[in-house]
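Here's the structure we're looking at; comments come further down.
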Amino acid sequence: MITLNRETTQPPVRPFYRTSEQQDSDRQMIGVVHYRSAEPGIDITDGVVTVTVPSPGNNVTEFWPAESDSITSGANGNIHWAHDRENLFAAVSIPDSRVLGEKVRNAYTDLLTTTIDLGFPQIYRVWNYIGKINHPNDVGLERYRDFCMGRADAFSDLAWAPHALPSGTGIGFAENGVTVFLLARRTRDTVNVENPLQMPAYEYPDTYGPRSPSFARATTVTTAGVASLYVSGTASIRGHRTVGATLEEQIKVTMENIDALLDGPDDGPAQFDTLKIYVRHAEDVDAVTRAFRDRYRVAEHSSPVLRADICRSDLLLEVEGVALRNDGEPS
């Protein structure tokens with residue numbers, strides 16, 4: 001276990017991005033994620049959890065700054081973690097398997113249990129990157145649905161209430177197993193948000209697999225006078241059905257879904273600080289990128305684009321991000 005002790009206060013945790021591994025020298029991190037052509041891996045480098053997500057054709061590094069500079073990091077078995085006393089970043093890499101469910105169940109259970117045991121019960125954001133997400137496993141079940149079984153079983157084993165499920169992303173890359181990382185807080189100052197235009201994912205009918213996807217559409221974290229809205233991976237789904245046969249239609253419906261989350265029930269609309277854009281086909285990257293950067297007025301350096309597979313084979317894009325409301329001012 002590594003402990004770094006400095007007392008400079010930092011803004012609420014939200015990401016920044018680079019197309020290289022160079023980070024701001026005066027900012028302490030709790031997590032760094034590399035999306036690039038490489039083998040999956042997780043380790044601790046200078047007290048920071050460093051994750052490599054195998055992402056052929058991409059070259060983006062995502063940095064998660066600490067809220068303070070008092071950092072503790074360590075590993076519990078395959079779970080690597082770092083925290084700043086209030087926020088925790090934790091990650092696990094799950095080796096590939098012909099059937100994912102049981103390995104995902106065990107790894108997810110370890111990840112959730114470790115997070116809670118470390119004193120961070122409020123898990124508010126989870127990312128799941130799954131190799132060959134739309135391919136069948138050895139018994140003919142799509143690998144995303146196979147993954148969803150293991151994830152749902154882990155939450156059920158820990159008696160996790162559906163309304164307490166954190167916001168999440170499920171995205172596919174070309175190869176390898178599953179990489180999962182999360183953010184959690186010590187203080188219970190988060191509120192999960194569902195989208196009025198969409199059925200909660202955890203209520204999907206069994207036409208989408210034996211177990212429903214286990215995530216909320218967004219989570220709000222309010223701290224230090226800033227309300228940060230962590231928007232889950234959002235795509236062209238209305239109710240529970242995919243909508244839009246063309247790229248233009250899917251862009252429109254995805255924006256409508258995002259706008260419903262940004263508008264919120266009160267306190268005025270939120271504005272994106274960062275976006276992360278996933279696009280299935282290389283030929284669609286430019287159109288999707290222009291549409292979302294222009295619509296939400298997010299600069300290029302704050303809105304990386306990754307060529308990736310989406311959780312449904314008929315979806316062409318997915319968008320996530322962090323938006324600020326109330327006293328928050330976009331950087």
Side-chain angles (χ1 to χ4, degrees), residues 31 33 40 42 49 51 53 74-83 87-133 137-139 141-173 176-186 188 190 192 194 199-206 208-219 230 232-233 311 320:
V33 185
I42 300 174
V49 178
V51 180
V53 177
N76 292 27
N78 293 328
I79 312 301
H80 292 70
W81 52 267
H83 67 76
N87 295 284
L88 177 133
F89 182 100
V92 64
S93 181
I94 305 168
D96 207 357
S97 177
R98 294 178 175 180
V99 177
L100 294 172
E102 192 61 25
K103 286 189 175 181
V104 170
R105 180 181 192 166
N106 293 336
Y108 237 93
T109 299
D110 290 345
L111 180 63
L112 299 173
T113 301
T114 296
T115 299
I116 294 167
D117 289 348
L118 287 168
F120 297 84
Q122 200 65 53
I123 299 171
Y124 61 94
R125 191 64 172 89
V126 185
W127 288 263
N128 309 279
Y129 293 107
I130 303 151
K132 297 183 178 179
I133 191 170
N137 67 10
D138 266 20
V139 295
L141 184 66
E142 185 189 52
R143 281 167 62 89
Y144 179 61
R145 299 181 182 196
D146 187 0
F147 163 83
C148 285
M149 287 181 61
R151 174 176 60 176
D153 286 343
F155 279 118
S156 295
D157 291 344
L158 297 174
W160 215 281
H163 68 270
L165 292 169
S167 57
T169 290
I171 283 290
F173 290 121
N176 295 293
V178 179
T179 300
V180 182
F181 59 90
L182 61 76
L183 294 170
R185 286 183 68 78
R186 189 180 299 279
R188 293 185 180 274
T190 72
N192 291 331
E194 290 301 327
M199 176 183 290
Y202 50 80
E203 294 180 358
Y204 279 1
D206 59 12
Y208 298 100
R211 297 296 302 269
S212 299
S214 303
F215 66 92
R217 299 295 181 185
T219 302
Y230 293 80
S232 293
C311 63
E320 64 177 67

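All values below come from the heavy atoms of this structure, side chains included, with hydrogens, waters and symmetry mates left out. Since this is a predicted model, take the numbers as computed values, not measurements.
Side-chain contact check for Tyr108 versus Asn128: some heavy-atom pair is nearer than 4.5 Å. Contact annotation: the side chain of Leu182 never approaches that of Trp127 to less than 4.5 Å [non-hydrogen atoms, C-beta and beyond]. Counting only heavy atoms from C-beta outward, the side chains of Ser97 and Glu102 never approach each other to under 4.5 Å. Taking 4.5 Å as the limit, every side-chain heavy atom of Leu88 sits out of range of all side-chain heavy atoms of Leu183. Residues Val126 and Val180 have side chains in contact (heavy-atom distance under 4.5 Å, counting atoms from C-beta outward). Contact check for Arg151 versus Arg211: no side-chain heavy atoms found under the 4.5 Å cut-off. Annotation: side chain of Val178 is in contact with side chain of Phe147 (closest heavy-atom distance under 4.5 Å).
Tyr124 and Asn87 are linked by a side-chain donor-acceptor pair at a separation below 3.5 angstrom, with hydrogens and angles left out of the test. Inspection of the Asn192 and Tyr230 side chains reveals no N or O donor paired with an N or O acceptor under 3.5 Å. Looking only at atom types and distance, the side chain of Asn137 has no donor-acceptor partner in the side chain of Arg143 under 3.5 Å away. The closest side-chain donor-acceptor pair between Thr169 and Arg125 falls under 3.5 angstrom.
Nearest heavy atom pair, residue Pro213 against residue Tyr204, reads CD-CD2, 3.8 Å. Heavy atoms only, all atoms of each residue included: Ile79 and Ala90 are closest at CG2-CB, 4.5 Å. Scanning all heavy atoms of the two residues, the minimum distance from Ile133 to Ile171 falls at CD1-C, 3.7 Å. Taking all atoms of both residues into account, the shortest heavy-atom contact from Ala184 to Thr115 is CB-CG2, 3.6 Å. Here the shortest heavy-atom pairing between Pro40 and Ser93 reads CB-OG, 4.1 Å. Nearest approach of Ala218 to Ser232, heavy atoms of both residues: N-OG, 3.9 Å.
Residue Asp146 is tested with Val104, Leu141, Val139 for a side chain to side chain contact (heavy atoms under 4.5 Å, CB included); the sole match is Leu141.
To the nearest 0.5 Å, the span separating CG on Leu112 from CG on Asp117 amounts to 10.5 Å. Taking CG from Asn106 and CG from Leu111, the interatomic distance works out to 12.5 Å, rounded to the nearest 0.5 Å. Here Leu118 contributes atom CG and Asn76 contributes atom CG; the two are 5.5 Å apart, rounded to the nearest 0.5 Å. Rounding to the nearest 0.5 Å gives a distance of 5.5 Å between CZ of Phe155 and CG of Leu165. If you take CE on Met149 and OG on Ser212, they are separated by 12.0 Å, rounding to the nearest 0.5 Å. Between the CH2 atom in Trp81 and the OG1 atom in Thr114 there is a gap of 9.5 Å [rounded to 0.5 Å].
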Item to check | side chain to side chain contact (heavy atoms under 4.5 Å, CB included) between Leu100 and Ile130, worked out | outcome: CA-CA 10 Å; Leu100 294 172; Ile130 303 151; 4.3 Å; yes

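Not counting sequence neighbours, the partners of Ala91 by the side-chain contact (heavy atoms from CB on, under 4.5 Å) test are Ile42, Val49, Val51, Phe89, Phe181. Checked against side-chain contact (heavy atoms from CB on, under 4.5 Å), Pro200 has the following partners two or more places apart in sequence or in another chain: Glu194, Tyr202, Glu203.
No more than 12 heavy atoms of other residues, nucleotides or ligands sit less than 6.0 Å from atom CG of Asn78.
Between Phe120 and His83, the ring planes are tilted. Angles from 30° to 60° get that label.
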